[in-house]
Amino acid sequence: TSSLVHLNQPLMRLIFFALGAVLVALFVDISPLMEFVRAYAKEALYAVGAVSAIGAVAFLVISSRGKRRSGVPETMRACMLLKHTGSSMSADVSEFEGCFEVQQIPTPRPRPGQVLVKIMASPINPSDLSTFKGSYNAAQRADLPCTVGFEGAGVVVQNGGGFFGGLRVGKRVACVTKGSGALWAEYAVVPATQTIPLPDNVSFKEGCSCFVNPWTAISFLEIAKKGNHKTVLLTAAASSLCKMVLRLAQTEGVRVICIVRSRSHEASLRELGAAEVIVTAEEDWMAKLATACKDHSCRLGFDAVAGPKAGSILTCMPSGSDLYVYGGLSNQAISLVRPTDLIFKSSNLRGFWLTAYLKTKSLFGLLNFIKITQKYVATHLRTDIRTSYPLEKAAEAIADYCSNMSAGKVAICPNED
């Protein structure tokens, strides 16, 4: 069974159990069983009551576990975004001068359902860059100055109250937050349900990117499986995210056509299992892409670049294709979309936002995402952190990351000695 199939097994088991009970009641003489139940009904009731009482006490004990604020300072260091950066996001550190400042602010207190995490590492993601520019989900843009950093890893040091939070106290976890982010700080409050315990063999740096990229990769392959697609197309294919997709695709029997800007990435992508590598710097890239899409019947693509190439890629894809745009690395509006591709080829240009996609998931679906992440965090969904910086050098860290985004992640480490 595919590891990316929804967790509907519990529901099916319940249905089969109910059907089995009905069949037993219809065709099997259960009178001896009923006599046994009547004879020991009082004892059974006492046993159920005792177990329920023990369970209730255990629930209360765990829910209140870790609520005392022991060893947590009243204030903390946090990297604050003072003003939005330029739109180019170049490797020139001077572009970020005056944009960031480490301030001493009150350490947040978790409310019921939340936990306080001592942050050890937080990666720089393209979504962070968009936040710095002020272009990430502008409708929910936070007032400046604001904290930043969407995801990270650390140790749960306090429970605001709740059973799930009590289970997390003292555990090494990956975590994710909402809004403009808050994890470029010594401590951060996150929902207890938005934490994943890290295996012992995974370091904080290796586990600090367990949500944004891994869950996007899982989502892409889930979309492919739902649509019975055997091949997908990826732009910016040398990125950490696309490498995760490549590794996961191998387990699912899905082929991947990779689109990159430089031929220098071909060897590493082929090693990861890429079916085709198309280089947009070459004049005949569109002809090669059209041939690859035809040969592999590729009607599904995921584009992180946007700009004029989005329309050109859709033109190269067969009729009935879907191209999902999930990023804007080109800093350009989508263009060169031909009306004939949309009208006569019935092709579609769509948007993909992980936050919105996750809202469509059932509880079982989200649990399945967590299950896959924990299974593959050290292998298929691993994150390569090539270097790290303290809070005070956030501008240098961003410039370093922008200088070569395909070389590996750059992390901010607020509590690293």
Side-chain angles (χ1 to χ4, degrees), residues 1-16 127 176 196 210-237 239 241-259 272-276 289 292-304 306 310 313-314 316-327 341-342 345-377 379-381:
T1 303
S2 168
S3 61
L4 298 182
V5 174
H6 290 303
L7 273 184
N8 56 7
Q9 289 92 339
L11 177 60
M12 295 303 298
R13 290 171 186 161
L14 180 62
I15 293 173
F16 283 126
S127 53
V176 66
I196 298 177
C210 280
F211 284 93
V212 177
N213 279 354
W215 285 25
T216 301
I218 294 169
S219 299
F220 286 177
L221 286 174
E222 186 174 75
I223 292 171
K225 298 293 283 187
K226 285 181 178 178
N228 294 316
H229 295 279
K230 299 300 182 183
T231 306
V232 299
L233 175 156
L234 301 174
T235 66
S239 68
L241 165 60
C242 290
K243 289 175 181 177
M244 290 182 184
V245 176
L246 274 164
R247 288 190 287 260
L248 271 185
Q250 296 299 301
T251 68
E252 297 298 319
V254 175
R255 296 182 295 270
V256 180
I257 297 174
C258 295
I259 301 178
L272 289 172
E276 304 284 352
L289 178 59
C293 288
K294 180 180 178 181
D295 291 345
H296 295 284
S297 299
C298 179
R299 289 181 170 82
L300 178 64
F302 298 95
D303 176 34
I313 290 170
L314 192 63
C316 295
M317 299 176 73
S319 297
S321 293
D322 291 310
L323 181 63
Y324 288 82
V325 178
Y326 68 98
D341 291 334
L342 306 179
K345 290 176 62 178
S346 298
S347 294
N348 298 291
L349 190 64
R350 307 174 183 272
F352 175 89
W353 184 30
L354 179 62
T355 301
Y357 184 77
L358 292 178
K359 289 180 180 179
T360 68
K361 308 299 296 177
S362 66
L363 174 61
F364 289 135
L366 293 175
L367 289 175
N368 194 39
F369 272 42
I370 294 175
K371 174 185 174 183
I372 297 168
T373 304
Q374 289 179 311
K375 179 179 180 179
Y376 291 126
V377 64
T379 54
H380 300 68
L381 297 176

Closest contact, heavy atoms only, Val232 versus Ala224: CG1-CB, 3.8 Å
What I'd like to find out is whether the side chain of Leu314 reaches to under 4.5 Å of the side chain of Leu342, using heavy atoms alone. yes
How close do Met244 and Pro214 get, heavy atom to heavy atom, and via which atoms? SD-N, 3.7 Å
Would you compute the distance between atom CD1 of Ile218 and atom NZ of Lys225 and round it to the nearest 0.5 angstrom? 14.0 Å
Considering only heavy atoms from C-beta outward, does the side chain of Ser219 approach that of Leu354 to under 4.5 Å? yes
Separation between CZ (Arg255) and NE2 (His229), nearest 0.5 Å, reads 12.5 Å
From Lys361 NZ over to Glu222 CD, what is the distance, rounded to the nearest 0.5 angstrom? 3.0 Å
Looking at every heavy atom in both Pro318 and Cys298, which two are closest together, and how far apart are they? CD-O, 3.0 Å
Check whether Arg247 reaches the backbone of Leu381 with its side chain - one donor and one acceptor, N or O, closer than 3.5 Å. no
Sidechain-backbone polar pair: Ser346 side chain, Gly320 backbone, donor-acceptor under 3.5 Å: no
Minimum heavy-atom distance between Thr373 and Cys210, given as atom pair plus value: CG2-O, 3.5 Å
Non-hydrogen atoms of Ala217 and Leu241 that approach each other most closely: N-CD1, 3.7 Å
Here's a test for you: under side-chain contact (heavy atoms from CB on, under 4.5 Å), which of Leu349, Thr235, Ile259, Leu233 qualifies with Asp303? Thr235
Would you check if Tyr357 and Thr216 make a side-chain contact, meaning some heavy-atom pair closer than 4.5 Å? no
Starting at CD1 of Ile313, measure out to OG of Ser347 and round the result to the nearest 0.5 Å. 13.0 Å
Would a 4.5 Å heavy-atom cut-off, applied to side chains only, mark Trp215 and Ile370 as touching? yes
Passing option when Tyr326 is tested against Trp353, Phe302, Phe220 for ring pair (Phe, Tyr, Trp, His ring centres under 6.0 Å): Phe220
Closest non-hydrogen atom pair between Ser319 and Arg299, with its separation: O-NE, 3.0 Å
Side chain Lys345, main chain Met317, donor-acceptor under 3.5 Å: yes
Rounded distance [0.5 Å steps], CD1 in Ile223 versus CG in Asp322: 9.5 Å
Output the distance between atom CD (Gln374) and atom CD1 (Ile196), rounded to the nearest 0.5 Å. 6.0 Å
